Structure formats: structure tokens, C-alpha cells
Amino acid sequence: MKKILPDGNAGTFLKIVIFVIVLLIVCAVWLFIPVYALWITIILAAVSIILNCIYIPLYFRNLRYEMDGERIIRYSGVFFRSSKTAEFSAVRYTTLLTTPFSKHTGLNFAVLFLYGGRLRLSFLSESDVREIIAIASASGREKI
């Protein structure tokens, strides 16, 4: 089984985005609602710290994929861990989602649409996501 880990740049990029969004909201609050600005700033800072220092690192530490020629398994979860298994022979079609600068941000996603559901593969490197899509597509052609 090949073990695939999420791209490390994705976690860093998400932390930066959360920090910038919280900073913009705090600036807007101080500008438009100065009466409650201190309390809102404290709450938003606490949420930002919890997300950036606890949740995102735990999420990326527990997220991994294992793949062989027949199936892919997704392990994830922060507080409650879960695993999802998909047989490549059950894949009906696939979707590849990439973002601008995805080589640097790690925001590449693959969605495998299966009989009875779908499996979302998140925060993969570009080479890993293309490899998974190629294997899933090849398995789908063998059925026909």
C-alpha cells in the first residue's frame, strides 16, 4: 500500500488565510463598532488561536490516504477518527479541483463519485492528485 500525506503547504496557507480574515474583521469592528470592539477582538483572537494552533495541526496530522491498485482509504478526523474506503472499480467519474498557484498552496482536491456516494480527497500535492485520478479513470475504462 502506498501512503499519501496531505501537502504541508496547505496547512500553512490555511493558517495565513485565517489570520488575515480575522485581522480584517477586527479592523472593521474597531472602525464601525468601537463600543464592543474589545470583546469582539478577544473572541476572534481566541477563535483564531484555537484554529491555527490546535485544530488545523491536528487535522493535518490525522489526514492520510492509503492506496493500492484496487482501493483507496481515507483516514481523517480530529476528535472522532474515521476511515472511508472506496474501490476503484466502483468509481463512476472523477472531478479534479485545483486552484491558482496550487503548487505553492497545496489546495488540490479530487472527488471520486462512486456507486452510492462520493469520496473527497483533500489537500493533496498536484502529482498525487493526478496519479489518483489516472488510476481511478483507468479502472473505470476496464469495466466497459
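Just so we're clear, the structure is a prediction, and the values are computed from it rather than from any experiment.
Screening residues 108-130 for salt bridge (charged side-chain N to carboxylate O under 4.0 Å, His left out), with sequence neighbours left out, gives E126-R130. Applying the side chain to side chain donor-acceptor pair (under 3.5 Å) definition to pairs two or more places apart or across chains, none involves residues 20-29. Pairs engaging residues 101-113 under the salt bridge (charged side-chain N to carboxylate O under 4.0 Å, His left out) rule: none recorded [sequence neighbours left out]. Each salt bridge (charged side-chain N to carboxylate O under 4.0 Å, His left out) pair with one or both residues in residues 78-90, not counting sequence neighbours, appears once here: R71-E87. Pairs passing the ring-ring contact (aromatic ring centres under 6.0 Å, His included) check and including a residue from residues 41-66, sequence neighbours excluded, read F60-F123.
By the side-chain hydrogen bond (donor to acceptor under 3.5 Å, both in side chains) test, N108 pairs with S102, sequence neighbours left out. Under the rule for a side chain to side chain contact (heavy atoms under 4.5 Å, CB included), the partners of T94 that lie at least two apart in sequence or sit in another chain are V91, L112, I133, A136, S137. Remark: Y75 engages no residue in a ring-ring contact (aromatic ring centres under 6.0 Å, His included) (not counting sequence neighbours). Partners of F101 by ring-ring contact (aromatic ring centres under 6.0 Å, His included), not counting sequence neighbours: none found. Looking at residues two or more places apart in sequence or on another chain, you find a salt bridge (charged side-chain N to carboxylate O under 4.0 Å, His left out) between K2 and E131.
When all heavy atoms are compared, the tightest approach of N9 to H104 is CB-O, 3.2 Å. In this structure, A10 and G106 approach most closely via the heavy-atom pair CB-O, 3.6 Å. The minimum heavy-atom distance between I72 and I132, with the atom names listed, is CD1-CD1, 3.9 Å. Considering all non-hydrogen atoms of both residues, A110 and V129 come closest at CB-CG2, 3.4 Å.
At a threshold of 4.5 Å between non-hydrogen side-chain atoms, the residues V22 and V47 do not count as touching.
The hydrophobic side chain of I49 is isolated, with no ILVMFWY side chain under 4.5 Å apart from it.
Here the rule is side-chain contact (heavy atoms from CB on, under 4.5 Å) with I54, and of I56, L51, L58, N52 only L58 fits it.
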Could you list the donor-acceptor pairs under 3.5 angstrom formed by side chains in residues 25-45, with sequence neighbours left out?
{"unit_1": "W30", "atom_1": "NE1", "unit_2": "T41", "atom_2": "OG1", "d": "2.8"}
{"unit_1": "T41", "atom_1": "OG1", "unit_2": "A37", "atom_2": "O", "d": "2.6"}

